[in-house]
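Sending over a structure as structure tokens; questions will come in a sec.
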Amino acid sequence: MMAEWNAWTDDQLKTYNFPIHPLPICSVNDPQAEELIKEQKPVVIKGSELISTAQKWDLEYLREHIGDGEFTVYESDSESFKYYDDKKVIDGFTPPMKQRRMIFSEFYDAIKNKNRTKKYYLQQPLNDKVGPQIVVDFINFNWKWIKQQQMNNNWGPLTSNLLLISEEGNVTPCHYDEQENFYSQANGYKRVILFPPSQYKYLYPHPVYHPHDRQSQVDFDEPNLKLFPKFKKVVGFGTVLGPGDVLYLPSYWFHYFETLKNSGIATAITFWYKAAPVGNITYPLTAVQLMAMMRNTEKMILEALKDYKQVDIFWNMLAAGRYC
Ligand SMILES: CCC[C@@H](CC(=O)O)C(=O)C(=O)O
Ligand SMILES: [Zn+2]
């Protein structure tokens, strides 16, 4: 992967032994970008100026202007920040990280504390508690361009802009989301690896009832190929996002993010949109339709059985010796 203008070098990236092909990179005026978005394929868009007013959002600027609202900050003993749904916690589940609420200056002090043993990741929807300067920056995002994308692709409403402040080395393990996302890098450097929905069977997402719903069960650093043998077939599409880059991250595409080692803080903002309504069903079903159908089937069975421990038994009764 070629470092742009020597902003970073390959030794700042974690190494994985699956193939990683480059993601398409287009200028915002290139019709190819619109084409790929229409086809729900990922593309890195350069020059959109989507969040150029946020490129100055470093820790000092934010500490001065972000206001005294509380922020969700994840605290981890490792570099991994694997999301869990705290409304789905099941007995025996131990959250892999701690969810804390802090005002920004507490987060600032935690990051600057040289003697700390924990790692931190601020992940907070931008809301009306932010200070007036942040509101001005927000209003001056390139809403004209992104609203055009939303309209062209018949997406639903913007559901949230998540402010992400990550420190060097942090990893968001592989998962998928059900919404369309224009992932916008304000500053710092993040490497992303994407996998199409068709690789669902290689990535073994947790069951829908599990707190780690939508997250891959496979530990990329030490994949258990006995439990997850098809993982060895996985093929990724990756790039490094730098300041001003916008990644169109289609719904249901699996993705993994890492903040480059020795690259300091990385600030990004998501633009999550409700996906377009499913068009008329044609066969064979698309991978996205199959994923949605599998999710609904799991939910329906859990609803019928009430107890998630019965779901495993039910599946085995249904499939063992009959379908597999
Ligand atoms: C909580 C969201 C984290 C983000 C990845 C990252 O920046 O670490 C992501 O997964 C997404 O934008 O969908
Ligand atoms: Zn995600």
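For ligands, and for the atoms within them, numbers begin at 1 and follow the listed sequence. We use all heavy atoms of the structure for the numbers below, so side chains are in, but hydrogens, waters and symmetry mates are not. The structure displayed is predicted, hence computed values, not measured ones.
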Exercise. Ring centres of Phe182 and Trp155 under 6.0 Å apart?
Worked result: yes
Exercise. Based purely on interatomic distance, does Thr270 place a nitrogen or oxygen under 3.5 Å from a nitrogen or oxygen of ligand 1?
Worked result: no
For this session: Specify side chain, backbone, both or neither for Tyr183, according to which of its non-hydrogen atoms lie closer than 4.0 Å to ligand 1.
Result: side chain
Seminar exercise, completed: In ligand 1, the atoms that come under 4.0 Å of a heavy atom of Gln123 are 1 (C)
Seminar exercise, completed: Within 4.0 Å of some non-hydrogen atom of Asp177, the atoms of ligand 1 are 13 (O)
Seminar exercise, completed: To atom 10 (O) of ligand 1, the nearest of Lys190, His175, Gln179 on a heavy-atom basis is His175
For this session: Output the atom name for the N/O/S atom of His175 with the smallest distance to the Zn ion (ligand 2).
Result: NE2
For this session: May I ask you to identify, for Thr259, whether its side chain, its backbone, both or neither come under 4.0 Å of ligand 1 on a heavy-atom basis?
Result: neither
Exercise. So is Glu258 in contact with ligand 1, going by heavy-atom distances below 4.0 Å?
Worked result: no
Exercise. So, Glu178 and Arg295, do they make that salt bridge, N to O below 4.0 Å?
Worked result: yes
Exercise. Will you find, in the side chains of Tyr248 and Glu180, an N or O donor that is under 3.5 Å from an N or O acceptor?
Worked result: yes
Problem set entry | NZ/NE/NH1/NH2 to OD/OE distance under 4.0 Å, Asp30 and Lys46 | no
Problem set entry | From Lys261 atom NZ to Glu168 atom CD, the distance as rounded to the nearest 0.5 Å | 11.0 Å
Exercise. Hey, which N, O or S atom on His255 ends up closest to the Zn ion (ligand 2)?
Worked result: NE2
Problem set entry | SB check Lys14 Glu79 (cutoff 4.0 Å) | yes
Exercise. Do any nitrogen or oxygen atoms of Thr172 lie less than 3.5 angstrom from nitrogen or oxygen atoms of ligand 1?
Worked result: yes
Seminar exercise, completed: Contact region, Tyr121 to ligand 1, non-hydrogen atoms below 4.0 Å, reads side chain
Exercise. Taking the non-hydrogen atoms of Trp272, is any one of them nearer than 4.0 angstrom to ligand 1?
Worked result: yes
For this session: Please step through side-chain hydrogen bond (donor to acceptor under 3.5 Å, both in side chains) for the pair Tyr183 and Lys190, ending with a clear verdict.
Result: CA-CA 11 Å; Tyr183 185 92; Lys190 271 187 176 166; 2.8 Å; yes
For this session: Look at the rings of His210 and His212 and say which category their plane angle falls in: under 30° parallel, 30 to 60° tilted, over 60° perpendicular.
Result: parallel
Exercise. Are Lys306 and Glu303 close enough for a salt bridge, meaning some N to O gap below 4.0 Å?
Worked result: yes
For this session: Tell me which protein heavy atom sits closest to atom 5 (C) of ligand 1, plus the residue, atom name and distance to 0.1 Å.
Result: Phe257 CD1, 3.3 Å
Exercise. Looking at the Zn ion (ligand 2), which N/O/S atom of Asp177 is the nearest one?
Worked result: OD2
Problem set entry | Part of Tyr176 with heavy atoms under 4.0 Å of ligand 1, whether side chain, backbone, both or neither | neither
Problem set entry | Arg63 NZ/CZ over Phe104 ring centroid, <6.0 Å and within 45° of normal | no
For this session: Check Asn170 against ligand 1 and report side chain, backbone, both or neither, counting heavy atoms closer than 4.0 Å.
Result: neither
Exercise. Which atoms of ligand 1 have any heavy atom of Asn181 under 4.0 Å away?
Worked result: 11 (C), 12 (O), 13 (O)
Problem set entry | Pair Lys309 + Asp91, salt bridge at N-O below 4.0 Å | yes
